[in-house]
A.B. asks: 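The structure follows.
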Amino acid sequence: MMHLNTVFFAYSILTITVVVTLETCHVCDVYNVGTNTAEIVDSISERIDMLSDEIKQMKAQECNNSREHTCVTREGSSSGPDDDNMSEVTCLEDEVMTGCSSVLEGGRHDSRNGEKIVFSAHGRATCVAYNGNGGHGVRAFARCCTWKDMTCYYPKSEKSESQDDDIAETVCDHWFNGRPTIPTGCMAFTAWTCIDGVRPVGDQSEGTTSPITRNACQAINGYCGAGVYSYAACCSAPDLECGVKYSTRSGTSSWDSASVMCDEGWTLTGCNSFTSWVGNIGAYIEGDTCKAVNSNNFGVWAVATCCRGTTR
Ligand SMILES: *[C@@H]1O[C@H](CO)[C@@H](O)[C@H](O)[C@H]1NC(C)=O
Ligand SMILES: *[C@@H]1O[C@H](CO)[C@@H](O)[C@H](O)[C@H]1NC(C)=O
């Protein structure tokens, strides 16, 4: 009992001392505390103020960083005009590749072999576009992003069947760093030309950003094709959210194009050209605009993949 009382008494004195020394020092005498102790407490409380300011700044900085997504487009040089000639392009070392598009530079309307993302001998993600039989060369367009903590992998589907409109689907089903991956870009590749198109799966209403369904990309085989593969850029990042936005349909003349831009607050990460009627010259990106080029009597749609990291 004696012991407990002593402890409580000591505790009370201590509490009073701390509270009091935060005040100015005319109370030093009253409570029998030296000016040294008062100064020490003063300087500690000053340091606490500084630290809390620093923490506030760091928090603001972190918040800024998490919103910092910038993407640019990097172009390969034009491929040769022979079957399977390639145009290749990589991102810079501190960028991550979120999409890969390609467009024919001339030639027959169904002569595109498409594009895919592969790892080069140096271990760098590389966007490769392939010229097809009858094409006059293609050009590859990589979308390269600086995006906090983004990690991607690039899976490939089985080959589709070879009938008209047969579909090859790739699903993003891996997680990185405890986060799911979602498609930021879709690619279609075949060795036999005749691709209808490729797009993230989702609602096809024009001019509206819709969720991507099943985390999947689909490539569609044309009536004259022998099967197509779909590839996906599957990426994870803090609070990453992606949607699909269709343009209005292009005109029906050859080389008519369709354009779509992402909504305010969203960043273009992938760009595709889609139609159900072959005659698809491909897709490319100009600034932040996704463009698709037609060469059939019905038109094509430009399909943008738009992503953002939600603010916390
Ligand atoms: C955050 O970004 C805004 C706008 O870019 C800038 O004005 C501000 O100084 C930044 N804050 C910090 C803490 O970096
Ligand atoms: C195009 O392909 C042909 C045949 O495979 C090859 O000889 C030629 O070097 C290629 N051209 C380019 C520019 O890659």
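What you see is a predicted model; the values in this text were computed from it and never measured. Numbering of ligands and ligand atoms starts at 1, following listing order.
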A.B. asks: Do Ser273 and Asn280 have a side chain donor and acceptor closer than 3.5 Å?
C.D. replies: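 Yes - a donor-acceptor pair under 3.5 Å links their side chains.
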A.B. asks: Establish whether atom 5 (O) of ligand 2 and some protein heavy atom are separated by less than 4.0 angstrom.
C.D. replies: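 Neighbour list for atom 5 (O) of ligand 2 is empty of protein heavy atoms (cut-off 4.0 Å).
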A.B. asks: Just wondering, are more than 12 heavy atoms of other shown residues or ligands nearer than 6.0 Å to CD in Glu158?
C.D. replies: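 12 or below, so no.
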A.B. asks: Using a 3.5 Å distance criterion without hydrogens, assess whether the side chain of Asn272 forms a donor-acceptor pair with backbone atoms of Met187.
C.D. replies: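 No; zero donor-acceptor contacts below 3.5 Å.
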A.B. asks: Do protein heavy atoms approach atom 11 (N) of ligand 2 to less than 4.0 Å?
C.D. replies: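 Within 4.0 Å of atom 11 (N) of ligand 2, protein heavy atoms are found.
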A.B. asks: Are Asn221 and Glu161 packed together at the side-chain level, in the sense that at least one heavy-atom pair is separated by less than 4.5 angstrom?
C.D. replies: no
A.B. asks: Between Asp83, Asp84, Asn85, flag the one that comes closest to atom 2 (O) of ligand 2 by a heavy atom.
C.D. replies: Asn85
A.B. asks: Identify the closest protein heavy atom to atom 3 (C) of ligand 2: which residue and atom is it, and at what distance?
C.D. replies: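 Answer, as residue, atom name and distance: Asp82 OD2, 3.4 Å.
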